[in-house]
Amino acid sequence: MELVKKFFANMLVNAILTLVIGIVFVAYPARSGVMIVRIAGIVILIAGIVDLVRYFFVERAEEVFGGGLLSGIIEMILGIFAITHIGTLVSLLSYVIGFVIIISGVSSLSGALQLRRTEVSAWVLNIVLSLIVIFAGIVMLFFPFAAVSTAIMVAGAILIGDAISKLFTAYRMQVAWKELKRTVEDIDKEIKGNIIDV
């Protein structure tokens, strides 16, 4: 029961985050590219600093191969590069976004296939929408837009559609779970009633 609740919660959070990112991409396509690269650079830089701090302050016995030092240096270099070369990396965003959209579409497809196993209606629509999202991601990956802002806006629209599909899948799966739970409870009551009668 707890596992099912966590599953629905994760699916809902994923759908909401996808929706928010999609809306931001559509509303602020020009700013979104710079923002993505800058945030990614800062996050990678912080990760590098954390690795270096762990290396110098954690007992060396736990750092047998010095991996913390090497990964920390590499992450710091990549983070600084991202922050100082935003323009260069923004031009590659079409490829990155296309790849992310494909992953998101595969995630939605997985949920739609789970919906099919529960024999819930409208699972076909969810599978079709997921395949459209995956196809759109492939198109963006292999045929990137010349203008990054256009690519981001299109990606935002795709992500919004994907988020709606995820929300619908989560809703239908929750309905199916409640129906299954009710059926199990009815069967349990019936069995207990038959035992009492005997």
Side-chain angles (χ1 to χ4, degrees), residues 6-47 71 74-75 78-79 81-83 85-118 120-174 176:
K6 285 182 179 179
F7 175 78
F8 286 132
N10 289 338
M11 183 177 283
L12 192 61
V13 169
N14 185 287
I16 291 171
L17 284 175
T18 303
L19 182 63
V20 170
I21 293 170
I23 291 171
V24 171
F25 278 14
V26 171
Y28 308 101
R31 296 180 188 176
S32 295
V34 174
M35 183 174 64
I36 291 168
V37 174
R38 184 173 287 137
I39 291 173
I42 292 170
V43 169
I44 295 169
L45 178 60
I46 291 172
S71 63
I74 292 173
E75 285 166 348
L78 289 175
F81 180 83
I83 294 169
H85 293 74
I86 291 176
T88 303
L89 294 177
V90 165
S91 64
L92 301 174
L93 270 182
S94 289
Y95 300 100
V96 177
I97 292 173
F99 184 69
V100 170
I101 287 174
I102 291 171
I103 293 173
S104 183
V106 170
S107 171
S108 296
L109 182 61
S110 175
L113 291 173
Q114 290 292 333
L115 200 63
R116 180 190 178 188
R117 292 193 186 99
T118 61
V120 176
S121 60
W123 60 267
V124 176
L125 176 62
N126 282 65
I127 288 180
V128 170
L129 288 174
S130 300
L131 291 174
I132 290 173
V133 170
I134 293 170
F135 176 75
I138 292 171
V139 170
M140 287 195 68
L141 190 63
F142 291 99
F143 304 98
F145 291 88
V148 175
S149 59
T150 304
I152 291 173
M153 190 178 292
V154 171
I158 295 168
L159 288 174
I160 290 171
D162 188 39
I164 292 171
S165 173
K166 281 185 169 76
L167 287 170
F168 181 74
T169 300
Y171 168 74
R172 294 302 302 170
M173 288 186 76
Q174 191 171 31

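Just so we're clear, the structure is a prediction, and the values are computed from it rather than from any experiment.
Checked against ring pair (Phe, Tyr, Trp, His ring centres under 6.0 Å), F135 has no partners two or more places apart in sequence or in another chain.
Applying the salt bridge (charged side-chain N to carboxylate O under 4.0 Å, His left out) rule to pairs touching residues 13-23 yields nothing, sequence neighbours excluded.
Nearest heavy atoms, I102 versus I134: CG1-O, 3.9 Å. For the residue pair G105 and D162, the shortest heavy atom distance occurs at N-OD2, 4.2 Å. Contact between I86 and I83 at its shortest, heavy atoms only, is CG1-O, 3.4 Å. Nearest approach of V26 to P29, heavy atoms of both residues: O-CD, 3.5 Å. When every heavy atom of I101 is checked against every heavy atom of G137, the shortest pair comes out as CG2-CA, 3.7 Å. Residue F25 comes nearest to G156 through the heavy atom pair CB-CA, 3.5 Å, listed as atom of the first residue, atom of the second, then distance.
Separation of atoms CG (L109) and CG (L129) is listed at 11.0 Å; rounding is to 0.5 Å. One finds the CG atom of L159 at 11.5 Å from the CG atom of L17 (value rounded to the nearest 0.5 Å).
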Would you sort out whether L19 and I160 count as a side chain to side chain contact (heavy atoms under 4.5 Å, CB included), showing the intermediate values?
CA-CA 5 Å; L19 182 63; I160 290 171; 4.0 Å; yes

Y28 and I152: CA distance, side-chain angles, deciding distance, side chain to side chain contact (heavy atoms under 4.5 Å, CB included) verdict:
CA-CA 9 Å; Y28 308 101; I152 291 173; over 6 Å; no

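Residues L89 and F81 have side chains in contact (heavy-atom distance under 4.5 Å, counting atoms from C-beta outward).
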Distance-only criterion, 3.5 Å: show the donor-acceptor pairs between side-chain atoms of residues 33-43 and protein atoms not counting sequence neighbours.
none

